[in-house]
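Written out below as structure tokens is the structure these notes cover.
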Amino acid sequence: LNISVTGKPGRQHYDLDTGANASVLISQIAIWLEEFNQLMRKKHRFDFGSFKNEPSFILNIGSITSSAGYGGICQKAEMKVRIRFFFPLTLSEVISQVKQFLKDKIESSSLMEFSQLTIEKGPLRAGPAVVETESPFVQMIQKHIHDETGINEFVHQYHGGSDIRLPILYGNCQCVGIGPSCNLPEQNSNQREWISADDYLTGIKILARILYH
């Protein structure tokens, strides 16, 4: 979400008694959004897999920007908010709940009017599908990995978008990458994206097994 707040000019450019600083207002919006985040995290949780009972909702404030002349009252402040959620929540439902929550908070305070707030949908990114670890599809993949490598312990870990860094850094997973490096750096290294040629070929063999299953 992209959220912006409009301030109010005072009778003089520095008069806070008759004006409202947008930087201050958006700071309060950030506090309310974190309250909303905590409520949603208690309400929405994974019901299967290795993340069972963990929160399935995250609201994260990425940046807040504002500007004003020296000594002047800031008239515009903007905030970028990232939200991660899963079924059965929908995008329209989440946006509606954010708007209603902020509207209720604003109406119960004397800081600003809801009309001073603009909430717009920002860029969207879909994450990978979440599949139960006991599903036949997952079991089939595990079988082919085991048949090719002998591995029989598996890490089932969510990671966002196409980013492979999370399972590499925290799950100690061997992920296939193509690049100038042909070794596997030490655990917790930010460069741990590359694997050896043998591991790369093993990955191809596993994929072939799955495709011809």
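For reference, positions follow the sequence shown, starting with 1.
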How long is the straight-line distance from CD1 of Ile106 back to CD1 of Ile29, given to the nearest 0.5 Å?
4.5 Å

What's the separation between atom CD in Glu148 and atom CD1 in Ile210, rounded to the nearest 0.5 Å?
10.5 Å

Could you check Asn2 against Glu78 for side chain to side chain contact (heavy atoms under 4.5 Å, CB included), going step by step and ending with a plain yes or no?
CA-CA 7 Å; Asn2 296 324; Glu78 299 176 321; over 6 Å; no

Test side-chain hydrogen bond (donor to acceptor under 3.5 Å, both in side chains) applied to Glu35 - qualifying residues, sequence neighbours left out
Lys105

Is there a side-chain contact between Phe101 and Leu33 (heavy atoms, below 4.5 Å)?
no

Any sub-3.5 Å donor-acceptor pair from Asn37's side-chain atoms to Leu59's backbone N or O?
yes

Nearest-0.5 Å distance that lies between atom OG in Ser23 and atom NZ in Lys76
12.0 Å

Tell me whether Leu211 is reachable from Ile145 by hopping between hydrophobic residues (I, L, V, M, F, W, Y) whose side-chain heavy atoms are closer than 4.5 Å.
no

Does any part of the side chain of Leu89, heavy atoms only, come nearer than 4.5 Å to the side chain of His44, both counted from C-beta?
yes

Answer yes or no: is there a side-chain heavy-atom contact under 4.5 Å between Ile151 and His146?
no

Within the 4.5 Å heavy-atom criterion, are Lys143 and Gln139 side-chain neighbours or not?
no

When you group the ILVMFWY residues by side-chain heavy-atom contacts below 4.5 Å and let the links chain together, are Ile3 and Val24 in the same group?
no

Minimum-distance pair of heavy atoms, taken over all atoms of Arg45 and Asn53
NH1-O, 2.7 Å

Only counting residues at least two apart or in another chain, list the ones meeting salt bridge (Lys or Arg N to Asp or Glu O under 4.0 Å) with Asp104.
none

In terms of hydrophobic clusters joined by side-chain contacts under 4.5 Å, are Ile58 and Met79 together?
no

Partner set under salt bridge (Lys or Arg N to Asp or Glu O under 4.0 Å) for Lys43, not counting sequence neighbours:
none

Full working for side chain to side chain contact (heavy atoms under 4.5 Å, CB included) between Thr118 and Val5:
CA-CA 6 Å; Thr118 301; Val5 177; over 6 Å; no

How close do Ser56 and Phe86 get, counting heavy atoms only, and between which atoms?
O-CD1, 3.3 Å

Without swapping roles, check the side chain of Ser96 against the backbone of Ser92 for a donor-acceptor pair under 3.5 Å.
no

Trp32 side, atom CH2; Ser108 side, atom OG - distance, nearest 0.5 Å
6.5 Å

Which of these passes side chain to side chain contact (heavy atoms under 4.5 Å, CB included) with Ile26: Thr65, Ile64, Ile61?
Ile64

Verify side chain to side chain contact (heavy atoms under 4.5 Å, CB included) between Asp147 and Arg209, making sure each step is shown before the conclusion.
CA-CA 9 Å; Asp147 291 347; Arg209 283 176 176 269; 3.6 Å; yes

Roughly how far, to the nearest 0.5 Å, is NE2 of His213 from NE2 of His144?
5.0 Å

Linking I/L/V/M/F/W/Y whenever any side-chain heavy atoms sit under 4.5 Å apart, do Ile31 and Ile119 land together?
no

If you count the non-hydrogen atoms of other residues, nucleotides and ligands that lie under 6.0 Å from CD in Glu113, is the total more than 12?
no

Note: Pro55 and Arg84 closest approach over all heavy atoms is O-NH2, 3.8 Å

Show your working on side chain to side chain contact (heavy atoms under 4.5 Å, CB included) between Gln97 and Glu93 and close with a plain yes or no.
CA-CA 6 Å; Gln97 288 188 40; Glu93 183 181 2; 3.3 Å; yes

Does the pair Phe57 and Phe85 meet the rule for a ring pair (Phe, Tyr, Trp, His ring centres under 6.0 Å), with working shown?
CA-CA 5 Å; Phe57 185 94; Phe85 59 91; 7.2 Å; no

Distance (rounded to the nearest 0.5 Å) between Ile95 CD1 and Glu120 CD:
10.5 Å

Give the cluster check for Leu1 versus Phe114: same hydrophobic cluster or not, with ILVMFWY residues linked at side-chain heavy-atom distances below 4.5 Å.
yes

